[in-house]
Amino acid sequence: SAAQELGITADIIEAGNRQAQWLEYHSELTTQINSVKDISPVITPTNYQRVNNLQRTMERANKMIAAQKEQEVIPTQVEDLLKQSRTICDMSSAEYWLHATYKRLEKVKCATEGNIGHMALLRQAIDKADALGADTNLIETSKCLLARLTSELELHSSYRSLPNVRLPDPNITPKEAREYWQGGGLGDI
């Protein structure tokens with residue numbers, strides 16, 4: 001090669017190639033981070049593909065870090081971009097799953113015990129998204145839905161705990177009336 005003809009050693013050539021790779025990772029990570037930020041919040045599978053692309057680039061960069069020789073220094077900018085990428089991927093994932101759980105419960109007309117499991121998942125998704133600094137609009141909308149469903153569930157439970165009141169039935173005979181009325185129906189407690 002031309003570099004070897006000029007007396008440049010193989011070690012220096014290899015180090016230069018690695019630095020060129022770091023520059024490529026820097027450029028690729030920056031582009032992909034901005035691409036994910038542009039579509040935030042990430043709520044569709046199509047948009048989530050950008051997060052997957054960013055994760056794959058991070059994996060390749062981390063493999064290169066693992067293969068580094070001891071004395072080699074990883075550029076600080078790349079380390080910072082990898083941390084930023086991890087944060088954005090975690091936040092985007094939280095937004096995606098929060099939205100998916102929200103959509104699953106959005107069509108519920110009145111919450112019942114059958115919705116408790118999904119409501120717990122929504123609570124967990126809200127907490128995770130909130131902790132990761134996800135889209136506040138998405139979090140607040142989800143909190144409102146969870147509050148409505150929780151209130152409906154509690155109200156439904158309250159209705160079930162009300163005593164069953166027997167009303168007078170004008171169509172029953174006196175003999176049936178003696179069997180119809182229970183102690184509570186006659187005022188006994």
Side-chain angles (χ1 to χ4, degrees), residues 29 31-59 62 81-189:
L29 286 169
T31 301
Q32 290 178 0
I33 286 169
N34 290 333
S35 173
V36 173
K37 283 181 177 179
D38 288 344
I39 57 168
S40 186
V42 177
I43 58 174
T44 66
T46 304
N47 288 346
Y48 199 80
Q49 185 59 41
R50 293 185 189 188
V51 177
N52 288 335
N53 292 339
L54 179 56
Q55 287 175 330
R56 281 194 288 279
T57 302
M58 288 170 46
E59 288 170 10
N62 283 325
L81 283 173
L82 284 169
K83 288 176 188 171
Q84 186 180 359
S85 297
R86 172 56 38 219
T87 301
I88 289 172
C89 286
D90 290 346
M91 181 185 69
S92 297
S93 179
E95 289 173 343
Y96 179 81
W97 290 111
L98 175 58
H99 184 262
T101 308
Y102 172 86
K103 283 302 210 184
R104 186 179 300 147
L105 289 168
E106 178 182 44
K107 296 176 184 166
V108 172
K109 292 186 191 251
C110 186
T112 64
E113 280 77 21
N115 303 116
I116 291 175
H118 293 290
M119 289 168 61
L121 290 175
L122 182 60
R123 165 55 50 210
Q124 291 171 357
I126 289 169
D127 291 343
K128 184 173 184 179
D130 201 15
L132 293 170
D135 184 68
T136 54
N137 227 7
L138 184 59
I139 292 170
E140 290 305 314
T141 303
S142 298
K143 282 181 178 179
C144 287
L145 175 63
L146 183 61
R148 177 184 69 91
L149 295 173
T150 302
S151 297
E152 290 172 355
L153 190 60
E154 290 174 5
L155 188 60
H156 189 68
S157 176
S158 296
Y159 281 139
R160 280 196 323 271
S161 67
L162 290 175
N164 191 6
V165 178
R166 291 179 174 231
L167 298 174
D169 186 353
N171 300 323
I172 61 173
T173 65
K175 181 180 178 189
E176 291 172 326
R178 276 181 254 143
E179 293 174 11
Y180 176 76
W181 293 106
Q182 306 291 316
L186 299 172
D188 297 342
I189 296 178

Measuring from [X]:[atom1] to [Y]:[atom2], what's the distance to the nearest 0.5 Å?
| X | Y | atom1 | atom2 | value |
| --- | --- | --- | --- | --- |
| Thr150 | Leu155 | OG1 | CG | 12.5 Å |
| Tyr96 | Thr101 | OH | OG1 | 10.0 Å |
| Leu54 | Ile88 | CG | CD1 | 7.0 Å |
| Gln84 | Leu29 | CD | CG | 9.5 Å |

TODO: Could you name each residue pair satisfying side chain to side chain donor-acceptor pair (under 3.5 Å) that touches residues 123-137, not counting sequence neighbours?
DONE: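 For residues 123-137: Arg123-Asp127.
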
[X] side chain to [Y] backbone, donor-acceptor under 3.5 Å:
| X | Y | value |
| --- | --- | --- |
| Thr87 | Lys83 | yes |
| Asn62 | Met58 | yes |
| Ser161 | Ser158 | yes |

- [ ] Specify the closest pair of heavy atoms between Ala94 and Ala129, including all atoms of both residues, with the distance to one decimal.
- [x]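 Closest approach of Ala94 to Ala129, heavy atoms only: CB-CA, 3.8 Å.
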
Task: Over all atoms of both residues, closest heavy-atom pair of Ala134 and Ile139 - done: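 Looking at all heavy atoms of both residues, the shortest contact is O-CD1, 3.7 Å.
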
Open item on the list: Which residue is it: Ser92, Ser85, Cys89? I am looking for the one with a side-chain contact (heavy atoms from CB on, under 4.5 Å) to Gln55.
Closed with: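 That would be Cys89; it is the only one of Ser92, Ser85, Cys89 passing the side-chain contact (heavy atoms from CB on, under 4.5 Å) with Gln55.
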
- [ ] Output, in order, the C-alpha distance, side-chain angles, deciding distance and verdict of side chain to side chain contact (heavy atoms under 4.5 Å, CB included) for Gln32 and Val36.
- [x] CA-CA 6 Å; Gln32 290 178 0; Val36 173; 5.7 Å; no

TODO: For side chain to side chain contact (heavy atoms under 4.5 Å, CB included), just list the numbers for Trp97 and Ser93, CA-CA rounded to whole Å, side-chain angles, deciding distance to a tenth of an Å, and then say yes or no.
DONE: CA-CA 6 Å; Trp97 290 111; Ser93 179; 3.6 Å; yes

Open item on the list: Any salt bridge linking Glu59 with Arg56? Criterion: basic side-chain nitrogen under 4.0 Å from a carboxylate oxygen.
Closed with: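 Not counted as a salt bridge, because no side-chain N and carboxylate O are separated by less than 4.0 Å.
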
Donor-acceptor pairs under 3.5 angstrom involving side-chain atoms of residues 108-122: please list them, not counting sequence neighbours.
from: Thr112; atom 1: OG1; to: Gly114; atom 2: N; distance (Å): 3.3
from: Thr112; atom 1: OG1; to: Asn115; atom 2: OD1; distance (Å): 3.4
from: Glu113; atom 1: OE2; to: Arg160; atom 2: NH1; distance (Å): 3.0
from: Glu113; atom 1: OE2; to: Arg160; atom 2: NH2; distance (Å): 2.8
from: Asn115; atom 1: OD1; to: Thr112; atom 2: N; distance (Å): 2.9
from: His118; atom 1: ND1; to: Arg104; atom 2: NH1; distance (Å): 3.2

TODO: Report the C-alpha distance between Ser151 and Glu154 in whole Å, list the side-chain angles of each, state the deciding distance to 0.1 Å, and finish with yes or no for side chain to side chain contact (heavy atoms under 4.5 Å, CB included).
DONE: CA-CA 5 Å; Ser151 297; Glu154 290 174 5; 5.5 Å; no

TODO: Evaluate the side-chain proximity of Arg50 to Val42: yes if any heavy-atom separation is below 4.5 Å, no if none is.
DONE: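 Counting from C-beta outward, Val42 and Arg50 never come under 4.5 Å.
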
